[in-house]
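Everything below concerns the one structure shown next.
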Number of protein chains: 2
Amino acid sequence: MADIKTPANPLFLREDDLRQGIELLFFAYRDFTAKADQTLAQYGFGRAHHRVIYFVGRNPGMTVSDLLDILKITKQSLSRVLGQLVRQGFIIQRPGTIDRRQRLLSLTELGADLERKLTEEQRALVARAYKAAGAEAVDGFRKVALGMINDTDRSRFRPTTR
Amino acid sequence: MADIKTPANPLFLREDDLRQGIELLFFAYRDFTAKADQTLAQYGFGRAHHRVIYFVGRNPGMTVSDLLDILKITKQSLSRVLGQLVRQGFIIQRPGTIDRRQRLLSLTELGADLERKLTEEQRALVARAYKAAGAEAVDGFRKVALGMINDTDRSRFRPTTR
DNA sequence: TTTTTATGTCAGCCATGTTGACTTATTTTT
DNA sequence: AAAAATAAGTCAACATGGCTGACATAAAAA
């Protein structure tokens, strides 16, 4: 009685619920990026710069190819923002030691400062939402979000076991 | 023993967890939009067109101002894509009956067809993620996502009570 | 030695955001 | 009735950040 199998089309998969899911993503992402965008504008940077700074900060010593795989944009598009960040001293490139064709990317002090500033804002937003929702809801959020991510990138995240 | 209050800084608010939350949003949104973008390209449309088609489909008879409030872009930006959609017969405008300055927006048959096609893809993605995560996780996802949305737009969603 | 790979560059195109100035029709306020 | 405010639209110019295509260089791999 307690363990009735969920039917093929359970209640939470009604059209309206799925639409709501779509809208939640739209509004959440819109507001999630809004604040950082303002900060970036003060530096003359855009969202693309933020992504680069973020992921390089998260994976110091990563290669340009690594970054391209994550961002899923062309190297020409990346080159534009990456070049600016390097020239303005937010990111340094050094040749790979094993493979000297590679350019290993990391943040400078300046870059790390900006990264902290930007990420701090977003962390605060996530923290507020997490706190308000509670630990259990956070687990649910993780599961659902992971399910929307393609298999390759899903494996970037540590297994759901906490 | 079972009802220990969560401390001021519970485990799921550790820096790494918050970063993970940030990344989940980034990857989920990236993959969430990828498929529809491909379909749109076949029509010579972009993501901006999709948003307009989506929200007009969702709120038939909405005004231009309503749409601007949701999208949070300028009327000049909206005008570009809205104009194309109207001229190409995806959306019709009719003057408001109470306030004749308003232009009430709705989808034509053609627009509704495209809306269904686009939304169907995203609904399938959300459905897959929801199904894999389970009803409880979906509730958690909703709570967290709602917490990231500003107060005004949060009230667009029906109360969390199911 | 040849081929492939990692990275970078130049040039140009497109979509979509912005600001600012101005118009028209209609409603609201005075 | 006149004046002000509002809903919508328009023109022009500019910035960001995607894209394609072609080509270059250095280093690694075959």
Side-chain angles (χ1 to χ4, degrees), chain A residues 26 29-30 33-34 36-56 61-88 91-106, chain B residues 26 29-30 33-34 36-56 61-88 91-106:
Chain A
F26 168 75
Y29 195 78
R30 188 199 61 181
T33 50
D37 285 351
Q38 285 183 298
T39 306
L40 285 158
Q42 295 168 7
Y43 289 76
F45 291 150
R47 207 175 284 182
H49 300 87
H50 188 183
R51 293 184 187 131
V52 171
I53 288 177
Y54 178 84
F55 284 108
V56 170
M62 78 191 305
T63 67
V64 173
S65 296
D66 292 340
L67 193 48
L68 286 173
D69 283 344
I70 288 180
L71 299 177
K72 294 235 175 93
I73 58 175
T74 60
K75 67 175 173 178
Q76 294 93 326
S77 294
L78 173 57
S79 165
R80 192 158 37 202
V81 288
L82 183 56
Q84 290 174 38
L85 290 169
V86 169
R87 282 193 299 277
Q88 297 182 36
I91 284 184
I92 45 164
Q93 299 172 302
R94 44 173 222 286
T97 44
I98 305 160
D99 184 336
R100 285 178 340 215
R101 289 171 303 181
Q102 296 177 332
R103 296 285 170 272
L104 307 186
L105 307 172
S106 28
Chain B
F26 168 75
Y29 195 77
R30 189 199 61 180
T33 50
D37 285 350
Q38 285 184 298
T39 305
L40 286 158
Q42 295 168 6
Y43 289 76
F45 292 150
R47 208 175 284 181
H49 300 86
H50 188 184
R51 292 183 189 130
V52 171
I53 287 177
Y54 178 84
F55 284 108
V56 171
M62 77 191 306
T63 67
V64 172
S65 295
D66 292 340
L67 193 47
L68 286 172
D69 284 343
I70 288 180
L71 299 178
K72 295 235 177 91
I73 59 175
T74 59
K75 67 175 172 178
Q76 294 92 327
S77 294
L78 174 58
S79 164
R80 193 157 34 200
V81 288
L82 183 54
Q84 290 174 37
L85 290 169
V86 169
R87 282 193 300 277
Q88 297 181 37
I91 285 183
I92 45 165
Q93 299 173 302
R94 44 174 221 284
T97 44
I98 306 159
D99 185 337
R100 283 179 340 214
R101 290 171 304 180
Q102 297 177 332
R103 296 286 172 270
L104 308 185
L105 306 173
S106 27

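A, B, ... follow the sequence lines: proteins, then strands. Residue 1 opens every chain. Everything numeric in this text was worked out from a predicted model, so none of it was measured.
The shortest distance between the side-chain N/O atoms of A:Arg103 and the OP1/OP2 oxygens of C:dA6 is not below 4.0 Å. For C:dG8, the OP1/OP2 oxygens have a side-chain nitrogen or oxygen of A:Gln93 closer than 4.0 Å. Between B:Ser65 and D:dA8, a side-chain N or O to OP1/OP2 separation shorter than 4.0 Å is present.
Between B:His49 and B:Phe45, the angle of the ring planes stays under 30°, which puts this pair in the parallel group of the 30/60° scheme.
The base of C:dT5 lies close enough to the side chain of A:Arg101 for a donor and an acceptor atom to sit less than 3.5 Å apart.
Using a 4.0 Å heavy-atom criterion, one finds that B:Ile98 contacts the sugar-phosphate atoms exclusively.
If you measure from atom CZ of A:Arg94 to atom P of C:dA6, you get 18 Å, rounded to the nearest angstrom. D:dG18 atom P lies 17 Å from atom CG of B:Leu40, rounded to whole Å. Taking atom CZ of residue B:Arg30 and atom C1' of nucleotide D:dG18, one finds them 15 Å apart after rounding to whole Å.
In this structure, B:Asp37 contributes its side chain and B:Ala34 its backbone to no donor-acceptor pair below 3.5 Å. Put simply, the side chain of A:Arg30 gets close to the backbone of B:Ile70: a donor and an acceptor are under 3.5 Å apart.
In this structure, B:Gln102 and B:Ser65 have side chains that are not in contact, with every pair of non-hydrogen atoms separated by 4.5 Å or more.
Looking at every heavy atom in both residues, A:Gly61 comes nearest to A:Ser106 through N-CB, 4.2 Å. Scanning both residues, B:Val81 and B:Ala48, for their nearest heavy atoms gives CG1-CB, 3.8 Å.
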Could you run down nucleotides 11-21 of chain C 5' to 3' and tag each one B, S or - for protein heavy-atom contact under 4.0 Å? ----SBBBBBB
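Position along DNA chain D of the nearest nucleotide to B:Leu68 versus A:Asp99 favours B:Leu68 as the more 5'-ward residue.
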